[in-house]
Amino acid sequence: AADAGRAPWARLRLPALVAAGVAAVAVAVVLLIGGGGTTGPSFDQAAQLATAPPTAPAPASDASDARVVQAAVGGVKFPNYAYQWPRWKAVGERRDRVAGREAVSVTYRGPAGDVGYTIVGGAPLPEPSGARHVTAGGVRLAVVHQGATTLVTWRRGGHTCVLAGRGPGVERRLVRFATWA
């Protein structure tokens, strides 16, 4: 009865609020400092960003070069896959900071589903353990499977690039996307 005149949010129990606050801070700390004692972001963090939903509209095609879109990290531009494959369009973008580094992701949508492409600024990230290596178009790629998700990573302009997708034939598509110039 003493709570009857209070606003609904004021009736929440203090322990529940404290627990929620502690959980939110823990997630933020892991994303910001990398967790696990590492000095930089991990491949797993980059992979999570490549599969995360976009938070902003898609970048527009670059007016000076239709082969790329208006998104880049450290001078490394994102491709405009629609230039080569008209049914694959950029549909969203997200910008994050992981362990103090810029990480930009562009999501592309095509007939076979979504593909996420993340570029992490700064020195290259360590490759994922257990990755299988392939060379295509003169580019050395590391391929790894995490559940239903296939990830392809490589270095471009001194930065780590990660492509992620799901579904049949996705590895072949990701290798093609990674090596398209």
Side-chain angles (χ1 to χ4, degrees), residues 31 40-128 131-146 148-181:
L31 285 175
S42 68
F43 171 79
D44 287 339
Q45 289 172 309
Q48 287 173 355
L49 293 175
T51 60
T55 57
S61 178
D62 189 314
S64 65
D65 185 354
R67 296 172 300 164
V68 296
V69 296
Q70 294 177 1
V73 174
V76 177
K77 296 180 178 183
F78 283 84
N80 178 7
Y81 291 130
Y83 182 83
Q84 175 74 24
W85 300 287
R87 296 172 62 190
W88 282 94
K89 306 215 184 300
V91 295
E93 178 181 10
R94 66 178 295 124
R95 293 182 174 272
D96 297 282
R97 289 203 72 75
V98 181
R101 294 198 205 176
E102 178 183 25
V104 177
S105 306
V106 174
T107 300
Y108 300 87
R109 184 162 295 143
D114 288 357
V115 168
Y117 186 157
T118 297
I119 301 173
V120 180
L125 304 180
E127 287 187 345
R132 182 173 48 83
H133 292 94
V134 297
T135 300
V139 179
R140 183 176 184 268
L141 308 166
V143 179
V144 66
H145 299 276
Q146 293 180 348
T149 303
T150 299
L151 300 147
V152 173
T153 184
W154 71 103
R155 311 294 184 259
R156 199 165 130 222
H159 303 294
T160 298
C161 298
V162 179
L163 278 166
R166 294 180 171 179
V170 72
E171 182 176 326
R172 193 175 90 242
R173 183 176 325 106
L174 296 179
V175 167
R176 229 178 29 237
F177 283 177
T179 57
W180 180 64

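For reference, positions follow the sequence shown, starting with 1. Note that the structure is a prediction, hence the values are computed from the model and not measured.
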Within the supplied structure, the quantity of interest is the number of heavy atoms (other residues, nucleotides, ligands) at a distance under 6.0 Å from Arg156 CZ; does it exceed 12? yes
With distance as the sole test, does Arg109 use its side chain to make a donor-acceptor pair with the main-chain N or O of Val115 at under 3.5 Å?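 It does not hold such a pair.
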Thr135 side chain vs Gly138 backbone, donor-acceptor pair below 3.5 Å: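 Side chain of Thr135 to backbone of Gly138, a donor-acceptor pair under 3.5 Å: no, none is there.
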Got a second to check how far [X]'s [atom1] is from [Y]'s [atom2], nearest 0.5 Å?
X	Y	atom1	atom2	result
Asp62	Gln70	CG	CD	5.5 Å
Tyr108	Lys89	OH	NZ	12.5 Å
Leu151	Thr51	CG	OG1	7.5 Å
Leu174	Leu141	CG	CG	10.0 Å

Look at the aromatic rings of Phe177 and Trp88 and report parallel, tilted or perpendicular, splitting at 30° and 60°.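 If you compare the ring of Phe177 with that of Trp88, the planes turn out perpendicular.
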Short side-chain donor-acceptor distance under 3.5 Å, Arg94 and Ser105: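 Per modelled atom types, Ser105 and Arg94 side chains form no pair under 3.5 Å.
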List the atom of Asn80, the atom of Ala66, and the distance in Å for their closest heavy-atom pair.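 Smallest interatomic distance, heavy atoms only, reads ND2-O, 2.9 Å.
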Looking at every non-hydrogen atom in both residues, tell me the closest pair between Pro124 and Thr160 and how far apart they are.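 For Pro124 and Thr160, the tightest heavy-atom pair comes out as CA-OG1, 3.3 Å.
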Glu171 and Arg173: salt bridge (Lys or Arg N to Asp or Glu O under 4.0 Å), yes or no, with the steps? CA-CA 5 Å; Glu171 182 176 326; Arg173 183 176 325 106; over 6 Å; no
Do Phe43 and Val144 have side chains that get closer than 4.5 Å, going by heavy atoms? yes
I want to know whether Tyr117 and Trp154 have ring centres closer than 6.0 Å. yes
Regarding Glu102 and Arg95, does a basic nitrogen lie under 4.0 Å from an acidic carboxylate oxygen? yes
